[in-house]
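In what follows, every chain begins at residue 1, and chains take the letters A, B, ... in the order their sequences are listed.
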Amino acid sequence: ACTPRDTDNADVDGEDIEIVDAQPAGTEPVDEVTWAIVEGEPATLNPAASANLIIPNLCDNLLSLQPGFSIEPGVAERAEFVDPVTFVITLRDDVTFWDGSPVTADDVVYSLQQNTNPASQWYGAFALIDPDPATGIVATGPNEVTVRFVAPDSTFRDALAGQGGAVMQKAFGEANGDAVGTPDAGLMCTGPFELQDGGWTPGSEIVTIANEDYWNGAPLVGTMTYTFVSDGSTLATALTQGEIDGAINVSPGSRAVFQGDGAGSLTIGHSTASYSFGPASATSAAANPKIRQALNLAIDRDQYLETVVNGLGYVQKTIVPEFSFQSMEASGIYQEGYDALAAPELDLEAATALVEESGEDVSRPLVVAVPAGAKEFQQTAAIIQSAGKQIGLDIRIDEMQASDFGALFYDPSKREGVDFVATQGYLETPGVLGYPSLFMLPPEMGGIFNWSGYENPEVTEHLLAARNATDPETAAREFTAAQEIFAPDMLQVTLAGTYQLTYLNDELSGVTTSIAAYSSPWALHLGGK
Amino acid sequence: MSVAQIANGTVPAAARRVARRDPTFLVAVIAFGVISMVALAGPWLAPYDPNELYVGSLNGAPSLEHPFGTDDLGRDILSRVLVGAAASVFAPAVVVVLSTILGVGLALAAAWFGGWVSGGIARLVDVIFAIPGLVIAVLAVTIFGKGLAAPVIALAIAYIPIIARLTRTAAARELAKPYIAALRVQGVSSPAICFRHLVPAMIPIVAAQMAVGFGYAMLDLAAISFLGLGQQPPAPDWGSMIAVGQAGILAGAPEQSVFPAIFVVITVLAVGIIGARVTDWAEEKER
Amino acid sequence: MTAPVLEVSGLDILAPSPEGPRRLVSDTTLSVVRGEAVGLVGESGSGKTLTLRAVAGLLPDGFTTQGTIRIDGQDLGGMTATALRALRARRIGMVFQTPRAHLNPLRTIGDFMTEALVHVAGERPDVAATRARHLLDEVGITDPDRRMRQYPAELSGGLLQRVMIAATLAMDPDILLADEITTALDVTTQEEVMAVLADLRAHRDLSLLFVTHDLALAGTVCDRVNVMQRGRILETLRAGSMRRNAREEYTKVLMSASLDEAPPLEPATESPRPLVTIEHLRKTYQVRGATGRRETLVAVDDLSIELPPGGSLGIVGESGSGKSTTARMLLGLERPDRGTIVVDGQDWSRPARGSADRRVRAKIAQMVFQDPYQSLDRRQTVRQCLAEAVRVHRPRQSAEVVDGRVRELMRQVRLDEGLAASRPRALSGGQRQRVAIARALAADPALLVLDEAVSALDVTTQVEILTLLDTIRRETGVALLMITHDLTVIRRLCDEVVVMRHGRIEERGTAAQILDAPTAEYTRLLLDSIPREGWTPRRRLGRTQSLPTVTRSTASIPE
Amino acid sequence: MNALTRTVLGRLGGMLLTLILASMVIYSAVLLTGDPIAALAGGAKPTPELVEQIRAEYHLDDPVWSRYWQWLTGAIQGDFGRSFVYKTPVVSLVGPRFGITLQLVLLTVLLILVFGVGSGILAATRGRVVDRTIAAMTSLGMALPTFVVAILLIWIFAKSLGWFPVYGEGEGVWDRLWHLVLPAISLAVLFIAYISRVTRGSLVAQLHSEHVDTARVRGIPRRRIFGVHVFRNASPQILAIAGTTIAGLFAASAIAEVAFGLGGIGSLLVQAAARADLPVVQIVSLLLVTIFVVLNAVADLISSIIDPSSVGGGRTS
Ligand SMILES: Nc1ncnc2c1ncn2[C@@H]1O[C@H](COP(=O)(O)OP(=O)(O)OP(=O)(O)O)[C@@H](O)[C@H]1O
Ligand SMILES: Nc1ncnc2c1ncn2[C@@H]1O[C@H](COP(=O)(O)OP(=O)(O)OP(=O)(O)O)[C@@H](O)[C@H]1O
Ligand SMILES: [Mg+2]
Ligand SMILES: [Mg+2]
């Protein structure tokens, strides 16, 4: 298949940014490509346990996510609800694992069942499946899998385009158990590149080689080697010197370097990623919407964009980004709902007034937690702090070690003494309900990040209705109704939406440069120009 | 105007002699003096609020309004360097003073009591010596919480072995000298011998080590605050400024790293030179 | 008359200083002809060592010289560095005061002996080794094979000094420069070394330039003697007739000082209770032997002495015989293994426990240590030092009273009051020793222990101090315990004497008995070894065995 | 038993004791500072059941000392545990990275010895001008933080001149060496300056010692005096300090490894600490401590072999 060149223009602060979600496919075979993984070495390559940029090239998902965020058939020829609570997946018959064995319905059942474990990243999307293994996910034919639900679920299909739908070999998985995806055991998937025994040298690199029998055509790159460079300036030098061929998610801070003279160039693609901060406690002033609205009014978004992402971002009105519904069926309704929301404005007087109105005791400093060592977050924290100061809020910054910061999200004791948490998040698949469910629903209904104890029955009702809707339009209307209410409550104060930044050597082309790279084999078309 | 000229005009004869004989030393003393003054008076000297964002453009080049330029948040780098001097200079000073008190205390105890006390202290010092400073730093953070206190205490502990070993050797050598026996025979009490004779005898050698330790502490604290364990933002501190500004060097906006780095290097250099001279004097006296 | 081997004329030695070169030695002229021994004597700091080092090319960095030095008629001034080195290597041998410091501690004696032969003369190693063995034998070292394999730390000072001499002989030098080579040795060893030198001179026609501050020694060893003071040579005298021919005032003082013998003091009246009673005292040390194994060294063994109030007892004996150890135990600086010490009716067998106990003892017994410089805190001025000693016993006195007492003490030891603000560095050896004595007297003790209080001083100063002690004893009635290996000191100050050897008492008696009619063989040997007019050093076989040597550096730190 | 054997055994005993004590401190310190549950849950939100399961599986409810004992006995038998994050045996994580750190450290040591000791020798022997120049350079060297040097090197040699690669470890002997040059230099600068000073100091002390005077007056050739009497006598002291320095390099290399994207144990430690991967942090810390203690002991031992007078002298701390 051919990937369309999908371009678009965005206007940020008077400068034109050309947005490219997929580069033209490469034409020449290339022996070896060295790719830098900016996030550092992954802990595992198991698609059920981790999300990183290596897995999409190794493991296919059932449905294929396109650079423009639309969903096409993939390993699954068809995957549809046949009735409100029955979902049938029909597999292609020509897909084989790296070892040559064909993909069977049993493999898919095994793969999907991985996500019914509460520890899985995708558990939320699988929550409405009938918990009885005998009836929930079953093989109903050699190439057919049927999934039964306890209630209609409008989000399930989208999840199959992400790693929730990753296809793994059952035999391999059962033989290796917990070790699947580790350097020792490796992996068995169907993707365009295969991880061989010993291909992963912990601490230095992961070597993958082309899967010549790939069902969607063999890749042009013979060997794809991933290295791990988390230091921004080292990476920038290595990329512009041509020592590393490319990297996804390079730092916007090095924009000038990347756009200057160098071995390659920077491609800017659509993303669902955004910076935001939200309350971490139900008892502090941070739990009061007025305080959050006040901060929202006190932060100059243009300055924020200029400072933190070097102009490579845009103002985002609410937590759910536009790109996430871009290619959904009822996108028009979503867009209308989004457009109707108020854009954040700078109004210090109104903000100060809100703080006073809130009736909160603002003499106690509010603590905002950010991960240590990341420049973007240091800047974000400084900007929040400075904004707070202008409206009479004393804000303290707590830079946390990565592990402590990570623990904030599931260990309530770690959140003690923390009022706000600033994060960067993204959605790897289309769909709008992910964030709202996590942040606005009551905790027992899946709102595990709803730390401020937000509870609005109307919002809850609309969100549930949206999920259980059986047609896209109802889902869209229910969602926008909920959004209209929760957006002004600022459960996350959205600071900026960002772009996906990909740097690639000028001799190469063919990379998926939108956020879809997290869920699709982005290097499939990579090759020489 | 040369150093010698300054010297002739303002400072007394002894200093003038030093200036003529050892201009490097004089420059070092003056540099350190100026930096200490800045550390004390930084907030009053700073032209801008060091934490105020967007007082200039982002990553602005040096100009008349902002002689050191502005950083990635549009803050005035000169103001941040001036205000940051306090933490940057005093934190290592506290590290050095603390580790010296602890180290010298342990060493004197070991030298004085000998026997199993000495053995135990030697072992303790060995163990501390063997544990990476970072582990101690992380431990200190869990005990003392974030902020400047934890890394200062951590480094103070981590530096104990160096100073303790040095002092232990010197104290043992000093205690073996006949004048200590003479003092005992005279009936001078042990604390008096220790504090009136032994401790003063240690001063030159300890002072020299303190100067060297100061430089190391400054560099180590910088590394620790880079890891997010040290001075909490946005309070300026040279080490974290260098660390945060690193990326700017390659991107063509090196000011944020370069100016604090220059100050770090000058301070460490000045203290190092002063320390080297003190060592020289101490050695001369020993002869 | 043969041509001089060494000829120094108009030599000036200048030291660099911030204020321009400082002249330390001026216009020195001397010569040594073949086979002759020439002495260079004079007070401490007069420039003897510098003169010698100038000849050997060992002046410190930055030092400059004027004048000429000729060796075998060749002017050193006009020679290249290489030629100079070759000339010095072959014509000159130099032996230093402290052999231990002058031998590389990490090389064996064998390496040291053969190094010059192999690397300067180009001999084959085995030839060099054979020759080295002969040379060691020549200087009276038994079992040279074993010695060649040992390290300097394993040899005694006397042996090392002989090794030094033997090594310098390897290149058959014309002249030997000897800088106070026996000062660190005890009299018997000194005699041995001097005898070796005398032998060599006789057999080899060796010239000698001999630096010392012991006039008696110079007189017996040398043919001619140069007297130096403050960087100048005052006069040159024939050794045999120097007492008669001395013209310079300074020389005369030097002579009279060294030869003066005051009559012994009246014995103190017998008192019912002795001040000090020591019985069956024993002290051992665990030391590392030459092979690294632990050995028990008996430093003091079954020692009993008694000292009446106001009396004075001398302890003599060779180096390492246990004299200092005895004194240190008496003063509580060391814990005896066995035996009792009773002082003024109190049991002092164990070191003082607390500060109060220590203060009580300090009131009774005080000590003057062997090395005055080392026993003073170099950071304290004379006044601070004395005031501290006074305050121990009068903690609540006003500053004026303490100051008055300090002045009184300084007067007592005849220290100029102008020196009160000086630190030890700025004092001469004699002055330092006086400070140490004044400090000891601050407590008005009943007993004063003096450990080789004068042995490191030059003769003039020695005499002053001894006279001073004599006077103090007469004035205050303090009892003295004198430790020394110098018998003239005993004669001047002691009523009674014990002779120690290997930690035991060899002989005891009144000073007159011991000095004039010794019964023990060892005592006679000691007395014989003392340089005096008409004395010739003799070699005594059987004295080449190494003494158990433990250098202070490995000694444990006092608790 | 001869003196040397006894010295060796004595040092060995002391070394083991230090190691055991240090391992206790590290084990408990690491426990105190990390949250094993967070790491073990692997980024997901753990249910109470999962937490229970993890607690049971990793004996998190046992008292610290009993866990320490299990850990220590395991480690002695070669079982270093499994990484919480990577779920693989810690050995397989540490093994390959250790090689990289080792190579980096070896190259750095080479630089330190050649330039540090070399410039120290020059400073001590080549007169005042050279001495002053080197003193100035070492003063500057001691004032340059490793990460500043790293940036400067990248800027000058990699970015502007393009002479060296800036990241990764390369393949094959020469390529690897090529990749390690800049990291090694950045790591070495501070220590070169330090060792240079130490070397100069101990050489000067020896040059002014009396036994060297003896050798001079005996006409021993300059080279031999320097080699046999000055340098060799100074070497125990240089070695003792160099030993400590080199031992410390294994930990100090973290900064250079991070700056140049090298996957060594230093960067592993930093990463593992950030992810609360306690078994890895514990083992790497213990490894660093062991290397430190062992290298120090070896340096001590070599010193005492060179210097026979110190044999059996016991501890000199
Ligand atoms: N390295 C030096 N620097 C400066 N002055 C020195 C140095 N060496 C010796 N002197 C000074 O030179 C003078 C003569 O010293 P020298 O060592 O020759 O005396 P000496 O006659 O050998 O005395 P002693 O009997 O104490 O050995 C002394 O005043 C001494 O202080
Ligand atoms: N602390 C110690 N440890 C081990 N051996 C010691 C110690 N102190 C003294 N000795 C040894 O004890 C013996 C007696 O020493 P002592 O100092 O009493 O001798 P001395 O008669 O005073 O000799 P000198 O005339 O050289 O001062 C010597 O062999 C000495 O090496
Ligand atoms: Mg002399
Ligand atoms: Mg003695």
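- Nearest heavy atom pair, residue C:A89 against residue D:G219, reads CB-CA, 3.6 Å.
- D:H211 contributes atom NE2, which lies 7.0 Å from atom CG of C:L106 (distance to the nearest 0.5 angstrom).
- Residues C:R85 and D:P221 come closest through the heavy atom pair NE-CA, 4.5 Å.
- Going from atom CZ of C:R107 over to atom CZ of D:R232 covers 5.5 Å, rounded to the nearest 0.5 Å.
- Considering every non-hydrogen atom in both D:V217 and C:L58, the closest pair reads CB-CD1, 4.0 Å.
- In this structure, the portions of D:V228 lying under 4.5 Å from any heavy atom of chain C include both its backbone and its side chain.
- Comparing C:V120, C:I92, C:L84 by how many heavy-atom pairs each has under 4.5 Å with chain D, the most go to C:V120.
- Heavy atoms of C:R90 lying under 4.5 Å from chain D are absent altogether.
- For C:A56, the parts sitting under 4.5 Å from any heavy atom of chain D are the backbone and the side chain alike.
- Of all non-hydrogen atoms in C:H102 and D:T214, the two that sit nearest each other are O-OG1, 2.8 Å.
- Atoms CG and CZ, from D:D213 and C:R53 in turn, are 4.5 Å apart once rounded to the nearest 0.5 Å.
- Neither the backbone nor the side chain of C:A170 comes within less than 4.5 Å of any heavy atom of chain D.
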Let me see the working for C:E115 and D:I220 under side chain to side chain contact (heavy atoms under 4.5 Å, CB included), right down to the final yes or no. CA-CA 8 Å; C:E115 187 174 29; D:I220 309 297; 3.7 Å; yes
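- Proximity to chain C (any heavy atom under 4.5 Å) is shown, for D:R218, by both the backbone and the side chain.
- A distance of 6.0 Å separates CG of C:N104 from NE2 of D:H229, quoted to the nearest 0.5 Å.
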